[in-house]
Amino acid sequence: MADEATDAATMEQMALCVRFVDSESDEIHEEFLGFSQCESTTGEALANAFIENLTKLGVKTDQMPGQGYDGASNMSCIHRGVQARIRSLIPEALYTHCKAHCLNLAIIHASKEVFARNLMSTVQQVAFAFNHSAKRLLQFQETLAGDEVSREGIAERTRLRSLCETRWSARADALHTFLVSYRTVVTTLDRHTGRSFSETRVMQGHGWFCAQKLLPLKIQNDGLPRESINDVYQAFHACLDVDETLFVRECERWRMWWTDATLAVDRPAAPASLAESITLASKTLYPSIRHCLTLLMVMPVSTATAERLFSVMRRVKTYLRSTMGTERLSGLGLMNVYKDREISAERVVDKIANQQNRRLAFVFKV
């Protein structure tokens with residue numbers, strides 16, 4: 001996963017992250033690898049920097065099953081974008097458009113609908129009317145104090161939230177506050193004086209997401225028909241070591257384990273999450289199913305991890321320290337993100353001492 005932004009010195013920096021499953025604990029991790037300065041923001045330049053830095057950090061790029069970025073043209077273009085150039089080198093690295101960005105786009109498109117646009121405008125005007133008038137705000141708070149339902153709904157807040165122009169997630173919070181305090185709003189205003197839409201953008205995905213059909217809870221609710229098994233095999237056959245016949249037999253055993261009434265006493269409750277499902281897929285009995293679920297688990301859901309790292313970048317590379325190089329920026333960023341991890345000073349000194357062309361002698365011969 002990667003995203004890019006400019007730092008305090010107006011240099012383009014790319015944050016690199018990896019998502020993987022720990023083979024020992026079956027836990028999913030998203031880890032920050034470092035920053036990389038980009039000479040250009042073209043798809044070719046970013047893709048080259050991406051592969052070069054991952055290789056330098058020891059990541060086996062030929063085993064990378066997925067890649068995730070935002071929907072900018074230099075990232076998502078099917079011909080010259082980063083994802084297309086990465087797939088030309090690693091065909092198995094399927095691209096996932098960050099679902100957080102997809103949700104944002106869905107909200108933007110939904111807001112173009114007349115009723116939705118009017119709703120947003122009304123909520124914003126009401127919030128401004130209360131929050132920018134001490135008299136109205138006092139009346140709102142007095143009314144809220146007598147409305148136990150609304151008071152519990154907005155927790156400890158004592159005012160409405162205005163709609164943020166740039167942070168779409170804050171809009172959901174503002175709308176929730178307005179909804180649960182609606183009675184208070186109407187009552188306070190009295191003292192002064194729906195077309196549906198649908199968006200499929202968020203749900204769009206590629207074939208690997210059909211592995212959700214192998215989840216125990218999904219099997220118990222919908223079964224696992226042969227058509228679904230065929231869909232999963234067609235999506236994953238290039239990554240599996242078995243032919244279709246063996247895969248079908250394995251899936252049928254998996255379905256029987258979760259649906260046969262005679263086995264209900266011995267089997268555990270169907271897990272609600274993908275992470276729990278993987279722990280119940282035995283490496284010996286269900287190796288192919290486990291592999292499919294693992295690949296599904298490491299697929300990037302969003303690039304939020306990479307985007308949060310730009311806050312670290314701005315804390316580390318400030319106006320007064322704008323001349324630091326990318327290597328130092330990346331190192332300080334790693335230390336900031338993983339500040340809870342212990343670092344052995346002796347190992348650090350030994351590593352530096354073993355590097356060549358050092359003017360300072362770290363090791364003295366006696």
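For clarity, every value in this text was computed on a predicted model and none was experimentally measured. Atoms considered below: every heavy atom in the structure, side chains included; atoms not considered: hydrogens, waters and symmetry mates.
- Under the side chain to side chain donor-acceptor pair (under 3.5 Å) criterion, Arg19 pairs with Glu30, not counting sequence neighbours.
- In this structure Gln212 satisfies the side chain to side chain donor-acceptor pair (under 3.5 Å) test with no other residue, sequence neighbours excluded.
- Within the structure, ring pair (Phe, Tyr, Trp, His ring centres under 6.0 Å) contacts touching residues 279-308 (residues at least two apart or in different chains) are Trp254-Tyr286.
- Both Val232 and Leu285 are part of a single hydrophobic cluster, where members link through side-chain heavy atoms under 4.5 Å apart.
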Residue pair Lys283, Asp26: steps toward the salt bridge (charged side-chain N to carboxylate O under 4.0 Å, His left out) verdict: CA-CA 12 Å; Lys283 296 180 181 179; Asp26 289 330; 5.6 Å; no
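- When the side chain to side chain donor-acceptor pair (under 3.5 Å) test is applied to Arg314, no partner is found at least two apart in sequence or on another chain.
- In terms of modelled atom types and a separation under 3.5 Å, the side chain of Trp208 and the main chain of Ala235 share a donor-acceptor contact.
- The side chain to side chain donor-acceptor pair (under 3.5 Å) search around Tyr338 returns Glu31, not counting sequence neighbours.
- For Asp260, the side chain to side chain contact (heavy atoms under 4.5 Å, CB included) partners at least two apart in sequence or on another chain are Met256, Thr262, Leu263.
- Every ring pair (Phe, Tyr, Trp, His ring centres under 6.0 Å) that Phe32 has, sequence neighbours left out, goes to Phe35.
- Side chain of Ser121 to backbone of Asn118: no donor-acceptor contact under 3.5 angstrom is found.
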Which pairs would a plain distance check flag for residues 67-75, meaning a side-chain donor or acceptor within less than 3.5 Å of a matching protein atom at least two apart in sequence or in another chain?
{"unit_1": "Gln67", "atom_1": "OE1", "unit_2": "Tyr69", "atom_2": "OH", "d": "2.5"}
{"unit_1": "Gln67", "atom_1": "NE2", "unit_2": "Gln83", "atom_2": "O", "d": "3.2"}
{"unit_1": "Gln67", "atom_1": "NE2", "unit_2": "Ala93", "atom_2": "O", "d": "2.8"}
{"unit_1": "Asp70", "atom_1": "OD1", "unit_2": "Ala72", "atom_2": "N", "d": "3.2"}
{"unit_1": "Asn74", "atom_1": "ND2", "unit_2": "Thr41", "atom_2": "O", "d": "2.7"}

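- Looking at heavy atoms from C-beta onward, Leu46 lies in side-chain contact with Cys38 at the 4.5 angstrom threshold.
- At least one side-chain heavy atom of Asn336 sits under 4.5 Å from a side-chain heavy atom of Arg315.
- The shortest distance between side-chain heavy atoms of Trp258 and Leu280 falls below 4.5 Å.
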Go through the steps to decide whether Leu224 and Cys251 satisfy the test side chain to side chain contact (heavy atoms under 4.5 Å, CB included), and finish with yes or no.
CA-CA 8 Å; Leu224 186 60; Cys251 289; 4.1 Å; yes
Let me check something: any side-chain donor-acceptor pairs from residues 238-247 under 3.5 Å, sequence neighbours excluded? List them with distances.
{"unit_1": "Asp243", "atom_1": "OD1", "unit_2": "Thr245", "atom_2": "N", "d": "3.3"}
{"unit_1": "Asp243", "atom_1": "OD1", "unit_2": "Leu246", "atom_2": "N", "d": "2.9"}

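- In this structure, the side chain to side chain contact (heavy atoms under 4.5 Å, CB included) partners of Ser273, at least two apart in sequence or on a different chain, are Ala275, Glu276.
- Heavy atoms from other residues, nucleotides or ligands lying under 6.0 Å from CD of Glu142 number more than 12.
- In this structure, Asp222 and Lys213 have side chains that are not in contact, with every pair of non-hydrogen atoms separated by 4.5 Å or more.
- Atoms NE2 and OG, on His176 and Ser181 in that order, are 9.0 Å from each other to the nearest 0.5 Å.
- Side-chain contact between Thr188 and Arg136 is absent, with no heavy atoms from C-beta onward closer than 4.5 Å.
- The two atoms that bring Asn53 and Ser36 nearest to each other are ND2-OG, 2.8 Å, heavy atoms only.
- Heavy atoms only, all atoms of each residue included: Ser322 and Ala9 are closest at O-CB, 3.1 Å.
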| said: Glu250 vs Ile289, test: side chain to side chain contact (heavy atoms under 4.5 Å, CB included). Steps then yes/no. | reply: CA-CA 8 Å; Glu250 183 177 324; Ile289 291 176; 3.5 Å; yes
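- For the atom pair CD1 (Ile28) and CG (Asp22), the distance works out to 10.0 Å, reported to the nearest 0.5 Å.
- Here the shortest heavy-atom pairing between Gln220 and Ala270 reads OE1-CB, 3.4 Å.
- For Arg87, there are no salt bridge (Lys or Arg N to Asp or Glu O under 4.0 Å) partners at least two apart in sequence or on another chain.
- Residues Pro271 and Leu217 come closest through the heavy atom pair O-CB, 3.8 Å.
- Here the CZ-OG1 distance, from Arg290 to Thr294, works out to 5.5 Å after rounding to the nearest 0.5 Å.
- Val337 and Met14 fall into different hydrophobic clusters, where Ile, Leu, Val, Met, Phe, Trp and Tyr are joined by side-chain heavy atoms under 4.5 Å apart, directly or via other members.
- Linking Ile, Leu, Val, Met, Phe, Trp and Tyr whenever their side-chain heavy atoms come within less than 4.5 Å leaves Val185 and Leu179 in two separate clusters.
- When the shell of 6.0 Å around CZ of Arg253 is examined, it contains more than 12 heavy atoms from other residues, nucleotides or ligands.
- Arg85 contributes no side-chain N or O that, together with a main-chain N or O of Ala47, makes up a donor-acceptor pair within less than 3.5 Å.
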Margin query: Determine whether Val123 and Leu119 satisfy the following criterion, side chain to side chain contact (heavy atoms under 4.5 Å, CB included), listing intermediate values before the conclusion.
Written below: CA-CA 6 Å; Val123 171; Leu119 167 66; 4.0 Å; yes
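- Heavy-atom contacts from other residues, nucleotides or ligands closer than 6.0 Å to CZ of Arg267 number more than 12.
- Pairs of residues two or more places apart, or lying in two chains, that qualify as ring pair (Phe, Tyr, Trp, His ring centres under 6.0 Å) and include a residue from residues 125-146 are Phe128-His132, Phe130-Phe140.
- A heavy-atom distance below 4.5 Å is found between the side chains of Cys102 and His97.
- When each of Thr6, Asp7, Leu332, Thr318 is checked for a side chain to side chain contact (heavy atoms under 4.5 Å, CB included) with Met313, only Asp7 meets the rule.
- Thr259 contributes a side-chain N or O that, together with a main-chain N or O of Arg255, makes up a donor-acceptor pair within less than 3.5 Å.
- Scanning both residues, Met1 and Ser302, for their nearest heavy atoms gives SD-O, 3.4 Å.
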request  = Go through Ile51 and Ile86 one step at a time and tell me if the side chain to side chain contact (heavy atoms under 4.5 Å, CB included) criterion holds.
outcome  = CA-CA 8 Å; Ile51 294 296; Ile86 294 294; 3.6 Å; yes
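- Electrostatic pairing of Arg308 and Asp3 does not count as a salt bridge here, judged by no charged N lying under 4.0 Å from a carboxylate O.
- The environment of CZ in Arg321 is crowded: more than 12 heavy-atom neighbours from other residues, nucleotides or ligands sit within 6.0 Å.
- Using a distance-only test at 3.5 Å, with no hydrogens or angles considered, a donor-acceptor pair links the side chain of Asn131 to the main chain of Leu160.
- Minimum interatomic distance between Leu329 and Lys317 (heavy atoms only, all atoms of both residues): CD1-CB, 3.8 Å.
- For the pairing with Cys17, the side chain to side chain contact (heavy atoms under 4.5 Å, CB included) check across Thr303, Leu33, Leu309 returns one residue only, Leu309.
- Cluster annotation: Phe209 is connected to Ile229 through the hydrophobic network of ILVMFWY side chains, with a link wherever side-chain heavy atoms come within less than 4.5 Å.
- By the criterion of side-chain heavy atoms lying less than 4.5 angstrom apart, applied directly or through intervening Ile, Leu, Val, Met, Phe, Trp or Tyr residues, Leu54 is grouped together with Tyr95 in one hydrophobic cluster.
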